[in-house]
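Read through the structure below, which is laid out as structure tokens, and then see the notes.
The figures here come from the full heavy-atom set of this structure, side chains too, leaving out hydrogens, waters and symmetry mates.
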Amino acid sequence: MATLGVPRIGRRRELKFALESYWSGKSPAADLLATAKALREASWREQHDHGVSKIPSNDFSLYDHVLDTVTMVGAVPARYAWTDGEVPLDTYFAMARGNQDQAADCGHAGDEHAANGHGLAAMEMTKWFDTNYHYIVPELTDDQSFALSSAKPVDHFLEAKALGIHTRPVLLGPVTFLKLAKSPDEGFNPIALLPRLLPVYEELLRRLKLAGADWVQIDEPALVVDLVPNERDALQFAYCRLSKAAPELKIMVATYFGSLGDNLETAISLTVAGLHVDLVRAPEQLETVGRLAQKELVLSLGLIDGRNVWRANLPAILDRIKPIVAGWPLDRVEIAPSCSMLHVPIDLDMETTLDADVKSWLAFASQKTDELVVLARALAEGRDAGAAELEASAEAAAARATSAKVHDPLVEGRVATIKVAMTRRKSAFDVRSKLQGDTFGLPSFPTTTIGSFPQTAEVRKARAAHAKGELSYVDYEAFLKKEIEAAVRWQEEIGLDVLVHGEFERNDMVQYFAEQLCGFAFTQHGWVQSYGSRFVRPPIIIGDVSRQQPMTVHWWRYARSLTLKPVKGMLTGPVTILNWSFVRDDLPRSAVCRQVALAIRDEVSDLEKAGARMIQIDEAALREGLPLREADWQAYLDWAVECFRLASTAVGDATQIHTHMCYSEFGDIVDAIAAMDADV
């Protein structure tokens, strides 16, 4: 039984506070490194105590595991002035965040990724496949050289070994690493660098073997995306080489986030001892992989969801896999999560305010580890070995399936009555555009902002005081109105044409709305890492979603009362709310999104009735929701666009619908953006 990887942030976000203390100069590097070491030890001991047989090491990172690989292979961009030897800690963080010593005159938030024009620019950051985790993008050149410049995988293995815990080191695979890279060189072919990169991996494997490792986990999630023939050839070439570097060291290639699909034959043919497959995202591949796998190959079965927070139905999983693996030797089967549990919170037991029923339906990393142990024991010893746990799992699944907290007949009935006409504006854009132009009388190039103004220390302090009961709602509202008025007056002063209220009342662009919608639950300690020290607590969509009352109209009315200029209503779109939440797994994502869209549609209608004639619906996460395989894009974009239109089209022609997107490769979705039929 293996865990593949676990959260590294600490139950109380110890990593965040240690990082930010070091970055601000309040504590030395020794304190940061001591905190990191303590977090690793606690994680290893917990997994050992739970009964995990394959405990990962080197899954911990001070910032990002891809950046760790950049450091490990000596691929430090020239601007950081590193030549050889160990990469210094400050150079590591400069690659992640920019050089703040040289950029002291630039305003950086303590946990923000920085790229500035005054000091050294940070390396690019983007989403890790289709998750909400961000990685640092390797920057490589055609003449790139590599050298083993960090022994972190060996160091962490030895660190655990000194505690009496034998681990399986985790490495990011060389082909995935290259495929994730970018380059300033025109016509760059990252795979061409593989022969130069492999000697670094070979040396590392030899060092791990000398240190006492018997297995190593090498993650190649590139195997679940679209590959061209030379990339498949590169994988076979790489593992033919790596398997010979330290013959006694067994390699487990881990794939996750989807199905192997047309890369299945390539994965099966790799010269490795084990293969991990994601059977949560792609349950259909269990039988296929089992049929094609060589008898001597260890199959790691990703049966527990490493990306979502729902408790597994363990008896149902056993019923599904038992017939498939019945004839396999037990030492050829590993039970594992679908992927690293980096993407889920740490421990459900810390949640003391969650509704008891809802809590019984959830599992965080610690609870998922227990689920793995139960599954592994039941497969090895029979169901009687975990009878109580299996019965509790089945009861929780049954209770959730029938709970009124999950199912709202009114919402389900409303979704069933959605008609195509509800996703269309009354008139075409050219008709609307002329009418809106006459209505607003704006200049040819009107000016506005995206909407959210800085959440200053004073705003955060007032919000925290109100949450603790130290500031009454009356006083808190008065404070927010003062902030809104100041923002409106400043926008008037500098001459903007279309104003916003600043969104000072909002804690987060998704959570603010989720807290006012039915069908959501919230945690106190359900933090997951977005990047570096940036941690988020995604809301959990537990049931059918609906809106009970207006959410933003009050604040829009107040802002509008302060000025004669147009003020935009500001909303988060249904696709973004969906993609930035933990989503229920008992309905298709498209069905959940339609429910959210209807709730936002009601808010749009109420804003219009209140007098708002410009309403912005942010869909920052529309592009990032694209499936990993291009063949699946259109189906996603069809329902995503439909949901935006469902949310936005219940208004008259004179009402102008805006949308906002950011941090995306818009070339991938430009036709979908047009199909959204927004006015701006």
Which atom names give the shortest non-hydrogen contact between Thr552 and Met570, and what distance separates them?
CG2-O, 4.0 Å
For Asp677, run the salt bridge (charged side-chain N to carboxylate O under 4.0 Å, His left out) check against Arg424, Arg432, Lys426, Arg425 and tell me which one passes.
Arg432
Test log, rule side chain to side chain donor-acceptor pair (under 3.5 Å), inputs Thr572 and Asp618:
CA-CA 5 Å; Thr572 301; Asp618 293 336; 5.1 Å; no
Do Phe445 and Asp497 have side chains that approach each other closer than 4.5 Å (heavy atoms only, starting at C-beta)?
no
So, do Leu264 and Gln285 sit near enough that their side-chain heavy atoms are less than 4.5 Å apart?
no
More than 12 heavy atoms of other residues, nucleotides or ligands under 6.0 Å from CD1 of Ile494: is that the case?
yes
Is the side chain of Thr423 donor-acceptor paired with the backbone N or O of Val420 at a distance under 3.5 Å, no angle test?
yes
Within-4.5 Å side-chain heavy-atom neighbours: Leu410 and Asp544
no
Pair Asp130-Arg629, salt bridge (Lys or Arg N to Asp or Glu O under 4.0 Å): steps then yes or no:
CA-CA 11 Å; Asp130 60 349; Arg629 298 281 189 152; over 6 Å; no
Distance-only polar pair, side chains of Asp679 and Gln436, donor-acceptor under 3.5 Å
yes
Is it true that Asp408 and Arg414 have a side-chain N and a carboxylate O under 4.0 angstrom from each other?
no
Can you sort out the partners of Thr126 under side chain to side chain donor-acceptor pair (under 3.5 Å), two or more places apart, ordered by chain and number?
none
Pairing of Glu603 and Arg547 as salt bridge, 4.0 angstrom limit:
yes
Hey, what's the ring geometry for Tyr476 with His466, parallel, tilted or perpendicular (30° and 60° as the breaks)?
parallel
For a quick test of reading the model, state the closest non-hydrogen atom pair linking Ile617 to Gly573 and the distance between them.
CG2-CA, 3.5 Å
Using side chain to side chain contact (heavy atoms under 4.5 Å, CB included), reason through Ile136 and Tyr531 one step at a time and then give a plain yes or no.
CA-CA 9 Å; Ile136 299 296; Tyr531 59 88; over 6 Å; no
Full working for salt bridge (Lys or Arg N to Asp or Glu O under 4.0 Å) between Arg601 and Asp606
CA-CA 9 Å; Arg601 180 184 180 92; Asp606 280 343; over 6 Å; no
Decide yes or no on side chain to side chain contact (heavy atoms under 4.5 Å, CB included) for Ile540 and Val358, but give the supporting numbers first.
CA-CA 10 Å; Ile540 305 169; Val358 172; over 6 Å; no
Should the ring pair Phe504 and Phe453 be called parallel, tilted or perpendicular, given that the plane angle runs from 0 to 90° and is split at 30 and 60?
perpendicular
In Å, rounded to the nearest 0.5 Å, how long is the span from CD of Glu624 to NZ of Lys127?
3.0 Å
Nearest atoms (heavy-atom pairs only) where Phe522 meets Pro539:
CE2-CB, 3.5 Å
Mind running side chain to side chain contact (heavy atoms under 4.5 Å, CB included) on Phe535 and Ser530 for me, showing each step along the way?
CA-CA 5 Å; Phe535 305 159; Ser530 176; over 6 Å; no
Taking the basic N atoms (NZ, or NE/NH1/NH2) and the acidic carboxylate oxygens, is any pair closer than 4.0 Å for Arg463 and Glu505?
no
Quick one, Lys179 and Glu231 - any side-chain contact, counting heavy atoms below 4.5 Å?
yes
If you draw the axis of the six-membered ring of Tyr636, does the NZ or CZ of Arg589 fall within 45° of it and under 6.0 Å from the ring centre?
no
To the nearest 0.5 Å, what is the distance between OG (Ser452) and CZ (Arg506)?
9.0 Å
Is it the case that over 12 heavy atoms from other parts of the model lie below 6.0 angstrom from the CD atom of Gln549?
no
Under 3.5 Å donor-acceptor, Asp64 side chain and Leu67 backbone
yes
Backbone of Thr449 reached by a side-chain donor or acceptor of Lys568 within 3.5 Å
yes
Tell me the closest heavy-atom pair linking Gly98 and Ala122, and the distance in Å.
N-CB, 3.3 Å
Nearest 0.5 Å please: distance from the CG atom of Leu172 over to the CG atom of Leu178.
9.5 Å
The test is salt bridge (Lys or Arg N to Asp or Glu O under 4.0 Å); show your working for Arg307 and Asp305 and say whether it passes.
CA-CA 6 Å; Arg307 289 184 54 171; Asp305 195 342; over 6 Å; no
Any side-chain donor-acceptor pair under 3.5 Å between Ser183 and Glu139?
no
Taking atom types as modelled, find out whether Ser427 and Asp653 have a side-chain donor-acceptor pair closer than 3.5 angstrom.
yes
For the student: nearest non-hydrogen atoms of Val344 and Val528, plus distance
C-CG1, 3.3 Å
Nearest heavy-atom approach of Thr255 to Glu220 is CG2-O, 3.9 Å
Does the side chain of Asn132 come within less than 4.5 Å of Phe582's, by heavy atoms?
no
Please report the interatomic distance CG(Leu499) to CE(Met614), rounded to the nearest 0.5 Å.
9.5 Å
For residues Asn263 and Arg232, is any side-chain donor paired with an opposing acceptor at under 3.5 Å?
yes
Please determine, by modelled atom types, if Trp555 and Glu477 share a side-chain donor-acceptor pair under 3.5 angstrom.
no
Any side-chain heavy-atom pair of Met422 and Leu598 under 4.5 Å:
yes
Is it the case that the side chains of Glu608 and Thr655 hold a donor-acceptor pair, with the cut-off being a distance below 3.5 Å and no angle test?
yes
Does any non-hydrogen side-chain atom of Phe479 lie less than 4.5 Å from one of Val459?
yes
Counting only N and O atoms by type, is there a donor-acceptor contact under 3.5 Å from the side chain of Arg281 to the main-chain atoms of Gly258?
no
Assess whether a salt bridge exists between Lys481 and Glu485, defined as any Lys/Arg side-chain N lying under 4.0 Å from an Asp/Glu carboxylate O.
no
Can a side-chain donor-acceptor contact be found between Glu503 and His501 if the only test is distance below 3.5 angstrom?
no
Derivation and outcome, salt bridge (Lys or Arg N to Asp or Glu O under 4.0 Å), residues Lys434 and Asp438:
CA-CA 6 Å; Lys434 184 179 186 309; Asp438 294 342; 3.3 Å; yes
Would you confirm whether Ser590, through its side chain, and Trp639, through its main-chain N or O, come within 3.5 Å as a donor-acceptor pair?
no
Do Arg13's NZ or CZ and the ring of Trp527 fall within the cation-pi criteria of under 6.0 Å and 45°?
yes
State, yes or no, whether a side-chain contact exists between Thr659 and Gln616 at a heavy-atom distance under 4.5 Å.
no
Carefully, step by step, assess Gln595 and Ser546 under the rule side chain to side chain donor-acceptor pair (under 3.5 Å).
CA-CA 7 Å; Gln595 294 181 359; Ser546 62; over 6 Å; no
Which label fits Tyr133 and His343: parallel for a plane angle under 30°, tilted from 30 to 60°, or perpendicular past 60°?
perpendicular
Electrostatic pair Asp508:Arg537 at N-O distance under 4.0 angstrom:
no
Go through the side-chain N and O atoms of His525 and Glu351 and say whether any donor and acceptor fall under 3.5 Å apart.
no
